[in-house]
Amino acid sequence: MQPLSPKEAHAFLQTHPDAVFIDVRSEMEFLFIGHPKDSIHIAWNEFPDWDVNPHFLAQVRRATSVDRPLVLICRSGNRSAEAGQFLEQHGYTEVYNVLHGFEGPLDDHHHRGSLSGWRFEGLPWEQC
């Protein structure tokens with residue numbers, strides 16, 4: 001799996017129209033916090049127990065094939081890294097993880113979005 005900064009991921013997606021951009025956060029995060037424009041939602045963990053989504057692999061297989069690049073994002077880059085490793089174990093060979101995710105790490109005041117991340121970088125996003 002290859003790490004990309006948010007700006008690198010955005011540039012990669014612009015130059016690789018065959019890439020699939022997957023937001024692996026929960027549905028609540030995707031809908032209410034916002035998500036990168038043109039990303040699709042396939043949750044890695046499921047609410048309320050935050051167990052790994054037992055349908056994750058099947059849902060990814062429905063969305064794409066193993067020969068297309070996958071760019072994964074979550075809140076901070078951790079869940080997407082786990083999901084990416086899982087997908088590599090199942091035959092996906094070109095997987096990218098967006099470092100710092102959509103919101104980035106916590107700052108000194110325990111807030112996200114003030115240090116780094118997709119939204120912090122001013123990249124295209126939307127909220128439902």
Side-chain angles (χ1 to χ4, degrees):
M1 182 171 16
Q2 300 178 52
L4 296 173
S5 72
K7 286 184 178 180
E8 291 170 334
H10 183 259
F12 180 86
L13 290 162
Q14 299 304 302
T15 59
H16 294 81
D18 59 328
V20 178
F21 192 14
I22 302 175
D23 188 323
V24 302
R25 295 175 299 154
S26 71
E27 183 177 20
M28 298 298 276
E29 290 170 295
F30 184 84
L31 295 175
F32 296 111
I33 295 171
H35 53 272
K37 192 166 174 23
D38 300 324
S39 64
I40 63 170
H41 177 250
I42 303 175
W44 171 242
N45 299 104
E46 291 190 321
F47 184 79
D49 298 323
W50 300 109
D51 293 330
V52 171
N53 173 3
H55 308 290
F56 181 76
L57 182 58
Q59 291 169 335
V60 171
R61 285 181 174 158
R62 278 195 299 273
T64 187
S65 61
V66 295
D67 59 343
R68 290 177 68 184
L70 296 180
V71 178
L72 307 179
I73 193 168
C74 66
R75 180 179 61 195
S76 63
N78 295 326
R79 282 178 281 176
S80 51
E82 290 175 13
Q85 290 171 350
F86 175 83
L87 291 170
E88 286 180 329
Q89 292 169 358
H90 288 88
Y92 289 84
T93 58
E94 194 174 353
V95 181
Y96 301 86
N97 181 40
V98 180
L99 297 172
H100 313 293
F102 186 70
E103 296 180 77
L106 293 170
D107 65 16
D108 292 339
H109 302 287
H110 299 281
H111 297 146
R112 293 189 188 275
S114 63
L115 300 174
S116 63
W118 186 274
R119 193 167 56 182
F120 175 82
E121 295 291 346
L123 299 168
W125 66 282
E126 56 194 8
Q127 191 171 16
C128 298

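Since the structure is predicted, the reported quantities are computational estimates derived from the model, not experimental observations.
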Throw together a table of side-chain donor-acceptor distances under 3.5 angstrom for residues 55-65, partners on residues two or more places apart or in other chains.
unit_1 : atom_1 : unit_2 : atom_2 : d
Q59    : OE1    : N53    : ND2    : 2.8
S65    : OG     : D67    : OD1    : 2.3

### Message
Test: side chain to side chain donor-acceptor pair (under 3.5 Å). Region: residues 22-36. Which pairs qualify, not counting sequence neighbours?
### Response
D23-R25, S26-E29, E29-R79, H35-E126
### Any donor-acceptor pair under 3.5 Å from W118 side chain to P124 backbone
yes
### Message
Quick one, F120 and P6 - any side-chain contact, counting heavy atoms below 4.5 Å?
### Response
no
### Summary
Which of R75, R119, M28 passes side-chain contact (heavy atoms from CB on, under 4.5 Å) with I33? It is R119
### Query
If you take all heavy atoms of P105 and H100, which pair is closest and at what distance?
CD-ND1, 4.4 Å
### Query
Judged by atom type as modelled, is there a donor-acceptor pair below 3.5 Å linking the side chain of N97 to the main-chain atoms of G77?
yes
### Query
Quick one: side-chain contact (heavy atoms from CB on, under 4.5 Å) partners of D107, sequence neighbours excluded?
H109, H111, S114, L115
### Query
side-chain contact (heavy atoms from CB on, under 4.5 Å) between V71 and V98: does it pass, once the steps are laid out?
CA-CA 7 Å; V71 178; V98 180; 3.7 Å; yes
### Query
In terms of the angle between their ring planes, are F47 and W50 parallel, tilted or perpendicular, with boundaries placed at 30° and 60°?
perpendicular
## Note on the structure
In terms of heavy-atom contacts, R112 and S76 come closest through NH1-CB, 4.0 Å
### Interatomic spacing from CG in L4 to CG in L13 - rounded to 0.5 Å
8.5 Å
### Shared hydrophobic cluster for F32 and I73 (ILVMFWY, side-chain gaps under 4.5 Å)
no
### Task
Give a yes or no on whether the backbone of M1 and the side-chain of E88 come within a donor-acceptor separation of less than 3.5 Å.
yes
